[in-house]
Structures are given as structure tokens and as C-alpha cells.
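Down below is the structure, laid out as C-alpha cells.
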Amino acid sequence: MSATLPQSPAAGRPAKPTIDGIETVWIQRWAESGVYHFDRTAERDRVYSIDTPPPTASGSLHVGHVFSYTHTDLIARYMRMRGREVFYPMGWDDNGLPTERRVQNHFGVRCDPSLPYDPEFTPPVSAGKNQLPISRRNFIGLCEQLTLEDEKAFEESFRRLGLSVDWRQTYRTIDDRARATSQRAFLRNLARDEAYQAEAPTLWDVTFRTAVAQAELEDRERPGAYHRLGFHRPDGERVFIETTRPELLAACVALVAHPDDERYAPLFGTTVRTPLFEVDVPVVAHPLADPEKGSGIAMVCTFGDLTDVIWWRELQLPTRPIIGWDGRLHRETPTWISTAGGVAAYESIAGTTAFTAQQRSVQLLRDSGDLIGEPSAITHPVKFYEKGDKPLEIVTTRQWYLRNGGRDLPLREQLLARGRELHWHPDHMKIRYLTWVEGLNGDWLVSRQRFFGVPIPVWYRLDETGEPEYGQRLVPAESELPVDPSSDAPAGFDESQRGVPGGFMGDPDIMDTWATSSLTPQIAGGWERDHDLWQRVWPMDLRPQAHEIIRTWLFSSVVRAHLEDGVLPWSDAAISGWILDPDRKKMGKSKGNAVTPLGLLEQHGSDAVRYWAASGRPGTDTAFDVGQMKIGRRLAIKILNASSFALSFDKAASFGKAADGDSSATPVDSSDITEPLDRAMLARLAEIVREATAAFDDYNYSRALEVAESFFWSFCDDHLELVKDRAYSGRGEAAAASAQEALKLALDVQLRLFAPFLPFVTEEVWSWWRPGSVHRANWPQPEPIRAAAADGNPTLVSEAAAVLTGIRKAKSEAKVSMRATIASAEIRGPAATLARLQAMAGDLVATGAILDLRWVEADGPVVVADVVLAPEQG
RNA sequence: GGUCGAUUAGCUCAGCGGUAGAGCACUCGCUUCACACGCGAGGGGUCGCAGGUUCGAAACCUGCAUCGACCACCA
């Protein structure tokens, strides 16, 4: 394959090589030649398919993107060189709240679904303080327009980073294909009864006015206070409870204590009267009530927290909600409050926010004497929507759910088994998945009350009074997808019947973004759209992703693939860590981190930035470290210079007269490699290849780099120095040819080893003397190198290095040049070592400029002793 | 409250049963014919703490501490 690629003409080795500007050159040539294009004729077993994370294309590329996307690219490039045909698409997650928010801020608009579409609409020139209300369709238009610009910028940066993505394989989570896929999967779930609708208490964000799923929750420590309140018993005694939410007193439906709590046992079955509102509520028993907490008896409200929901459900308590969708208390006095005093009390808090209601309630309770003592301040965890600013409320709403094992033990077991079946890198990340699945307390809530997203593809019949009949669902045929029930009419109806008695209405909700993101393999792989592609890539090989979205993206993807096809969506998951800034905080969460990826790439070079990223092992958080980038840059430059030097000995290579044909072939005649040191170096290199390969196979790319890099530096510092004189034909043509051929082979192998990490500099050097692209060349195999090494002993490499160090040390301590002549020196060591070293004595003598080298057998490691420097020469 | 991970030289990290490692930083040198974006040499660590297993522990086991993260029915 590689040999047929239209590659740049071998320009030969430049006199003064530089890495500056090579990104531009190679980005262009790779785009022209299509080296990274996926070959659709490859069968599944030769394909390596990657479920690339679609970045949220709202805003700018972050350093964290550079980091984690590089990791995936390392694997992709390695697999490609291993002969796999790599399916490496790119998606854009432009569907969801971040996009909505960005459009609001960027254009200074907000969506008002009640407004009509304005075809003449143009966004405000500058975003004003008051957001301009616009129609849903206009709003979505702006979303698509803005994300398209962002996506272009992302692609440019990713190309600059050197990602070997096939840029013909892209998708957007808001585009027609993604919406159709998402709706198709939903309809299949619906048909199999895996999706269902229910009216139930739902976690609700009052700012966004949407339901929120368990996976999107986070706890935040917030200040609060225990308020001790007295409930009135019929006999005039009082029962004291403690609550952090006195404003929900009007929603109280019972008091609950532990069944074994002797303090309250006499009260079970009796009623007490709530303070202020004077509502009679039962005292009931439930094992979840903790005798140690507060006064040991709790007020149950509909609904203050998730425990209330459990009590309400299991004890079959009445529903008395007072908090509305806007987070304010209902304006009308609830029907269950009937006394004059109760009505008056409610009227003073009606319509206020929860915060104000609490303040007023406390004052009322204090005045009535029902607040015992003063509230005692505490801090406690409060549930928030992860993107929200106000605590969640719990309101009863009609929502769509997808079965995910949250209330179904057999399904949960199956999904746990899928988690164990998946190969995790690193393995311990599996535990997060298992913990999450084990802790699920309900099915996956997939409906959202937002505007921009994939609509639920369902309509409802309206009865004679115009009320929806939720049991009378109308769904589209799969061939009609995608649909928007708010503008498309169901089959058999026309638009005039929308909203009228006997007609229909569209489901107003959209799906959770994860309901679409959980299908990225299906969207990218052509599920039910491109069967030929699908059967070549599915199930996929790799899901790379961040660890904080194991419970969301990874788990929901497993759910979807399991329900639809009964398989894991991929065999392996590579979990990347975070970038930490110098304060050890997740980068971007603290201030002063205005490091732009493009700036980094320009300043240090793409290879250098990739080098830094490659130092972060899978699953390990990594410090942002410009120092590592400088080292990477140094390595890239060293590769350039060392290659130029190594090739300079070979006249054919230096003039670009590279062998034609297959780049996988060894470019040398190994029968020329006769010198012990050359053979030893190659023997060592064969070991290095073996180690790097094993590391890569284990997804441990940082180890693979480390192994190659460590060899390369000693190759430069020791081997190149030791063979320099000989390669210059200092000791005959045969000895020179041995050095030259071994250098070429070593260079060829090392370029391949570095290619996944430093794609630009390796390709540059490759182009000087080798055909095709190094990125389509084969990953090196240890066996042929070992064969070329013949009887070479890898031990000699370190022994020679030890001697060289001894010689250098003597010169360094004498503060003379490394070229200074040594009159005499002695090498001491075991007989076997001395024998090996004596066979390469010519290299040692020439490199050390030693006139008289003596050999003395001795125990212990080899040392250089009795070094006598020659008198300085004028 | 439960769980996972981390704790090794000033910094960033590797090592994971057999005499403490790398790079950076630091010190001292070197116009050496690929590279001064270079080259060479050197100093620097009771491997978080306390027990245990072992002939031998940085590594294995048990606690503890600190940091980070994940999860949790948090009145």
C-alpha cells in the first residue's frame, strides 16, 4: 500500500537541516497523499476502529485536548504500522447545553419557543446586556452557524498537532445522520419496551428548567442550618423534628422514625399537626430513618430530597408539591391547607423563591413559638446539576426513561458483566464503572426540556377535549428519520390538526445529549446507513476517553450496544488522565491558565508538544510542563542532526538515491555488517524493539517512548562517537562499510520507533532517503535486526560505554578537550569482557586518541585506570 | 461514610523482591571535523510514617498520615 502512495520526491539530505516549519510542509503533503485515509476494502479482522471522542465544539481547543487526543493518535499510528487498517474518524459534539450557552453569550440572544420564525433575522452586531428573544428555529440556526466555525478551528489545530485522523470521516452530533441514528435507536428501544414514559418525581434544575439525570448530578458542600420545629400532638404535647428545609413545611406529608425507636413507637399510627399550616399528618415507621440523626424523627416532604422520594413511594404517602418548575412556591394556596391560620401563613410565602420562603418561614415559626432555639449552622452536601448554579429541586413530571439496570437486577448483572469483559487501560478504572452500575437507583432519564437537541420522535393523539392521550403514541417509520415532531406531522395527519381536539401534538422534549453521544460508534460507523462500512468496523476496537465520564459516556454506550446488538461496543477502553496546572489542580479550573494549544504548537513545535503528552501514562494525571516540551524539541532536533550525520557517510543516501520500492524492506546489505561493535549495537536494538513493542501492545506508549529514547541517546553519545573514525574510512573500506550499513539499519529502525510520537521529524528524515511515508511503513520486528546482528553480543554496548566513560572522566578531570591524546591507559576487567573489548580495540583507541592501551585481567566491573595524558602539543 | 489512585533527588517522573535510576535544575569543564537548540564529568535521596513477611523490601502484607479523584439514601 505504502509504495503506491504519491509521496514527495526524495529531496535528499539538506546541508543544514531544521525542524522549523516542517509541520506546514507535512500537513499539506499528508492531506494530498491521503496517507491516513481508511481503506474501505479491508476486512474486519485487519481493521482497527477507534470511537474517537467528539469534542464539544463550543469555544476553543484546550491543552487537555492536545494531551488526550495525542494519546489516541499514538495508538492509531502504532496500529497502522502494525499493519492494521485504522478507522480513525472525528466527531463534533455540537448538541447540548454548552452550545446553547455559547450561542446566548456570543450573539446576546435567548431562545423563546413561543416566537415565530423570522427568515430575515440577523443576529445583533454586539452582544448586549439584555438577551434578545428569538424563535427556536432562528436559535438553532445560530447554533449550527457558530459551531461550524468552531469546528473548522478545531480541525486546523488537530491537523497541526499531527493527528492521523481520516478527515473524510467526520460527523456532528446535531447533524441529520446523528439525529436519525439517535432517533432510530430510541424507537428500537421503545419497540422493545426498553424506553418508557412515566410520571414521577424528577430531579429538576430550576435555572435551566429541565429534568436532570442521575449521571449529571454532583454534590456540593453548602452552608445550611438545622431548624428544630415542634409538631403538635392531639394531647397538647409536641414532637420535635430537625430540618434543613423549613420552607417545605407546607409540603409535609408525614413524620417518620425508625420502627425500633422506642422514643417514637407510641406515636406510630397517630397524627400530629404541622406548625403554621395546621395540617394533620401521620407518624409512620421506616427502617431508613436514622435514630442518630437530628432528633431521630424526620419530616417527610414531597419532595425535599431523594430519601423523601423513597419514603413517599414505599409508605404510599400523599403527594403535596409546593415547588414549581421555576423554583418558586406555588402561587395558589394548596387545597390541603384549610385553616384560616394555615392559609394566612401560606399566603405570606406564596410565589417566593425557596430562599425567600425559608427566611419568611423561619420568622413565622419564631413568632409562633414553633421554632425551638435558633437554627444551628452546618455545612452539608447538596445535589446540583453539574452545569447548574442552584440546588436541584424534586418535582413530579412526565419523563422518558431508558432501562439501564437501575431498577432491573438481571439487566444490571448483564451490564456489570460487560464492564468486566471490557479491557480497561489502566485496569483499575474498571472499578469506577462497576461502582457506578452497582449504585444506580433508577433508570436513565433521557428527556430534557430544552430547545436545541435531538427531539423525542413521538407524537400523541389528542382527545375530544384537546388533552393528550399519552397511551396513544404515534411514531415515525425509520425511513422518515430524522423528524421534528414540533414541525413535522405524523403519518395520516396534517399540520392543521396540530393542537386541536381529535388531532395530535408533538412530544415537546429533546433527548439528553448522552442519548446521542452513547451512539458515537453507530453514528461514525454507519449503522443502518452504510452496511458495508458497519460490518468492517463494528464492534470497534478502542474507546479513548476521560475518566470523569465513565459513568456517562462509557456506561451509556455500553447500555446502547448491549440492548441493540448484545455486544460490547469496543474491546478496549483507554482512559486518559487530566492535565494539572502547577497548583496540582485540574487545568482550566484555576485561573491564569490562558495557555492556548496553538500557541504551544507554534512555540515548541508539534513533535515537542506530542512528546510531552506521550509522557502521560494512561489514566494518570499529568502536570503541564513546558520543560518536557523543551526536551521533546531537543529530541526532535537531535534526530534530525544525528540522521543527517549517519547518512553523510553513505554517498548514495546523502544524495537522495534511495532504494526504490517497498519501504518495509531493510535498506541495507547486512552481510557487510562484520564489526563486533556494530553487531552488538544491533543486537541491543533488537531487544529495544522487543520491549517497545510489548509496551505498545499493553497501551503503554510512554514506556515505548522511554525505551526508544534511552537507546537513541546512547546511540548518539556512544555508538556514533565510537564508529565515527571507522565510518570515515579511517581503517579500511570493509570496516567503514560495516559501520555505514549498521548505521543505516539502526536509523531506519529508530525512525519507525519514533514515528508514532514525532510524526513530523521522522517523516522529514524518512523522506531524505526512504520511499513512501514512514507512517505507512511496518513497525520494526526484532528478528530481522537480530539476524543482521549475527553473533553480536548486546552486553558489549554497555561495556564499551563504560570504557568510554572512564576515558572521558580522565580527560574531564584533567580539564582537557575530549580530543586530547592519551599517552597510555589500562583497561581492567574480567577475561570475557576484555576479550569482547579487544575485538573492538580499534574503535576505542581511535575515539579516545589513545597511543598505548594495555589490558589487565581483574575481578569486578570493567574500569579504565592509569590514564596518562600526552604532553600538550604546541 | 465506602472505594480507587498517588506519596522515590530541588522539580517532573521511571523502577515494583536482590548493592537507589532518568531528564530538568545545580556545580565544574570542553571551539570535539552532525548538533553550543551542543558535548563531557560531577554533587545531590535513611524511596511518606509505623509494624510485619523474607536470607534480603522502594517494591509484598497490615495499619496510619497527606494529596487527588470516584461513589454514597446528605432529615
Side-chain angles (χ1 to χ4, degrees), chain A residues 13 15-20 217-219 221-222 224 226-227 241-245 248 255-257 288-290 293-301 304-311 378-383 426 428-436 438-439 441 547-548 550-551 577-578 580 582 584-586 605 608 612 615-617 619-628 630-631 633-649 702-703 706 709-710 713 716-717 720-721 724-725 728 804-805 807-820 847 849:
Chain A
R13 183 175 53 89
K16 187 78 181 172
T18 173
I19 62 167
D20 293 326
L217 298 184
E218 65 181 35
D219 286 353
E221 285 290 330
R222 280 292 179 276
Y226 278 131
H227 302 73
I241 63 102
E242 292 193 4
T243 179
T244 57
R245 302 209 56 187
L248 293 179
L255 297 190
V256 62
L288 216 51
D290 183 355
K293 207 168 282 178
S295 59
I297 186 164
M299 159 174 103
V300 183
C301 304
D305 61 30
L306 291 173
T307 319
D308 281 344
V309 177
I310 295 170
W311 282 325
I378 54 160
T379 60
H380 61 152
V382 177
K383 292 212 178 300
H428 69 254
M429 288 296 174
K430 179 192 300 174
I431 290 167
R432 298 201 183 186
Y433 174 100
L434 299 177
T435 306
W436 173 253
E438 281 161 2
N441 55 29
H547 55 69
E548 82 264 31
I550 289 173
R551 65 175 179 171
W578 283 338
L580 304 177
R584 299 256 108 195
K585 294 275 185 265
K586 183 181 175 184
W612 159 73
S615 71
R617 289 145 70 223
T620 306
D621 294 346
T622 302
F624 176 74
D625 188 356
V626 172
Q628 283 296 314
K630 289 181 175 160
I631 298 163
R633 182 178 175 81
R634 213 176 60 134
L635 175 62
I637 292 170
K638 192 77 173 180
I639 288 174
L640 205 65
N641 286 319
S643 301
S644 174
F645 183 52
L647 293 172
S648 71
F649 302 115
S702 49
R703 172 77 188 149
E706 190 187 319
E709 186 186 9
S710 159
W713 282 104
C716 291
D717 295 342
L720 279 177
E721 293 298 330
K724 197 184 275 189
D725 175 74
Y728 275 127
L804 204 48
T805 296
I807 295 168
R808 286 166 171 166
K809 182 170 181 169
K811 292 184 181 179
S812 190
E813 281 172 353
K815 301 192 175 179
V816 298
S817 158
M818 288 299 141
R819 296 212 70 192
T847 305

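Values below: every heavy atom of this structure, side chains too, minus hydrogens, waters and symmetry copies. Letters go in sequence order (proteins before strands), and every chain restarts at 1.
- Remark: A:His547 is not in phosphate contact with B:rC4, judged by side-chain N or O atoms under 4.0 Å from OP1 or OP2.
- Counting to the nearest Å, the P atom of B:rG40 and the CE atom of A:Met818 are 8 Å from each other.
- Heavy atoms of A:Lys293 sit under 4.0 angstrom from at least one base atom.
- The interatomic distance linking A:Asn641 (CG) with B:rC35 (P) rounds to 7 Å, in whole Å.
- Residue contacts shown for A:Cys716 include a base, since a base heavy atom lies under 4.0 Å away.
- In a base pair of the Watson-Crick type (N1 to N3 plus N6-O4 or O6-N4) or a G-U wobble (N1-O2 and O6-N3), with each distance short of 3.5 Å, B:rU32 is matched with no nucleotide.
- When Watson-Crick and G-U wobble pairs are counted only if both distances are under 3.5 Å, B:rC60 pairs with B:rG52.
- Shortest non-hydrogen contact noted between A:Arg245 and A:Met299 is O-CE, 3.8 Å.
- Under the 4.5 Å side-chain criterion, counting only non-hydrogen atoms from C-beta, A:Lys383 is in contact with A:Asp219.
- Whole-Å rounding puts the A:Ile19 CD1 to B:rA34 C1' distance at 15 Å.
- As the counterpart of B:rC4, B:rG68 is assigned, both hydrogen-bonding distances of the Watson-Crick or G-U wobble pattern falling under 3.5 Å.
- Atom P of nucleotide B:rG29 and atom CD of A:Glu813 are separated by 13 Å, given to the nearest angstrom.
- You'll find that the side chain of A:Arg617 is closest to B:rC13, out of B:rC13, B:rC37, B:rU3.
- Closest to the A:Arg808 side chain, of the nucleotides B:rC74, B:rC70, B:rG40, is B:rG40.
- Here A:Asp219 lies in heavy-atom contact (under 4.0 Å) with a base.
- In this structure, A:Arg432 places its CZ atom 12 Å from P of B:rC4, rounding to the nearest Å.
- With a cut-off of 3.5 Å on both Watson-Crick or G-U wobble distances, the partner of B:rA20 is given as none.
- At a threshold of 4.0 angstrom between heavy atoms, the contacts of A:Thr805 are confined to the sugar-phosphate backbone, with no base atom among them.
- Among the protein residues, A:Arg551 comes within range of the sugar-phosphate backbone only, with heavy atoms under 4.0 Å from sugar or phosphate atoms but none that close to a base.
- Checking B:rA9 for Watson-Crick or G-U wobble geometry (two distances, each under 3.5 Å) identifies no partner in any strand.
- If you check B:rG44 for Watson-Crick or wobble pairing at under 3.5 angstrom, you find it has no partner at all.
- Nucleic acid contact for A:Trp612: none, since no nucleic acid atom lies under 4.0 Å from a heavy atom of the residue.
- As the counterpart of B:rA14, no nucleotide is assigned, since no Watson-Crick or G-U wobble pattern has both distances under 3.5 Å.
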